[in-house]
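First up is the structure itself, then whatever we jot down about it.
Values below: every heavy atom of this structure, side chains too, minus hydrogens, waters and symmetry copies. None of the values given here were measured: they were computed from a predicted structure. For ligands, and for the atoms within them, numbers begin at 1 and follow the listed sequence.
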Amino acid sequence: MPETIFSRIVRKEIPAKIVYEDDVSMAFHDLNAQAPVHVLVIPKRQIDSLEHATEEDANLLGHLQIVAQKVARLLNIHETGYRVVMNCGRDGGQSVGHIHYHVLGGRPLAWPPG
Ligand code: 5GP
């Protein structure tokens, strides 16, 4: 699949408000925040969606969840709670074809989603 805007953010060709970065992942504020805290956690290497992930990506996906926890702690929503969501495909509401977790918090979040 062609690369997305997220690869350009990884290469720092376009700006993003980066919260956390390591060798394999990056976390930055969502441009269109849906909650007081809305951060995207992505692998630097593009995987199009969860449907495109393989067993070999399992460690990386687990790492992204631990990064989500770090983000929650850095942005001080870890005590009140937060939601970590991954959208997959059309019906899942995925709009960017580079796998990512959303970390949302800073207000009570409704369930179930629409
Ligand atoms: P999805 O809909 O694929 O689950 O989530 C994609 C998210 O990426 C959306 O919440 C959208 O607001 C965010 N987004 C799209 N383009 C950009 C961008 O250029 N910069 C940042 N920071 N977020 C973006």
Between [X] and ligand 1, find which residue part has any heavy-atom pair under 4.0 Å and reply side chain, backbone, both or neither.
X	value
Leu31	both
Gln34	neither
Ala16	neither
Asn32	both

Taking [atom] as the reference point, the nearest protein heavy atom with its distance:
atom	value
atom 16 (N) of ligand 1	Ile5 CG2, 4.0 Å
atom 10 (O) of ligand 1	Asp30 OD2, 2.4 Å
atom 2 (O) of ligand 1	Ser95 OG, 2.7 Å
atom 22 (N) of ligand 1	His29 O, 2.9 Å
atom 15 (C) of ligand 1	Val96 CG2, 4.1 Å

Quiz item: Heavy atoms only: which of His100, Met86, His98 is nearest to atom 6 (C) of ligand 1?
Solution: His100
Quick check: does [X] get an N/O under 3.5 Å from an N/O on ligand 1?
X	value
Gln94	no
His102	yes
Leu40	no

Self-check item: Of all pairs that satisfy ring pair (Phe, Tyr, Trp, His ring centres under 6.0 Å), the ones with a partner from residues 10-35, not counting sequence neighbours
Solution: Phe6-Phe28
[X] versus [Y]: any side-chain heavy-atom pair under 4.5 Å?
X	Y	answer
Arg8	Glu3	yes
His63	Leu61	no
His98	Asp48	no
Gln69	His78	no

I'd like to check which ligand 1 atoms, numbered from 1 as shown, lie under 4.0 Å from a non-hydrogen atom of [X].
X	value
Gly93	1 (P), 2 (O), 4 (O)
Phe6	8 (O)
Ile9	20 (N)

Quiz item: For the side chain of Lys17 and the backbone of Val39, is there at least one donor-acceptor N/O pair under 3.5 Å apart?
Solution: no
Quiz prompt | Residue pairs, two or more places apart or on separate chains, that pass salt bridge (Lys or Arg N to Asp or Glu O under 4.0 Å) and touch residues 50-62 | solution = Arg45-Asp57
Exercise. Run through Val37, Val85, Asp30 and flag the one making a side-chain contact (heavy atoms from CB on, under 4.5 Å) with Leu104.
Key: Val85
Self-check item: Exceeds 12 heavy-atom contacts within 6.0 angstrom, atom CZ of Arg107
Solution: yes
Quiz item: Take atom CZ in Arg90; do more than 12 heavy atoms of anything else shown fall under 6.0 Å from it?
Solution: no
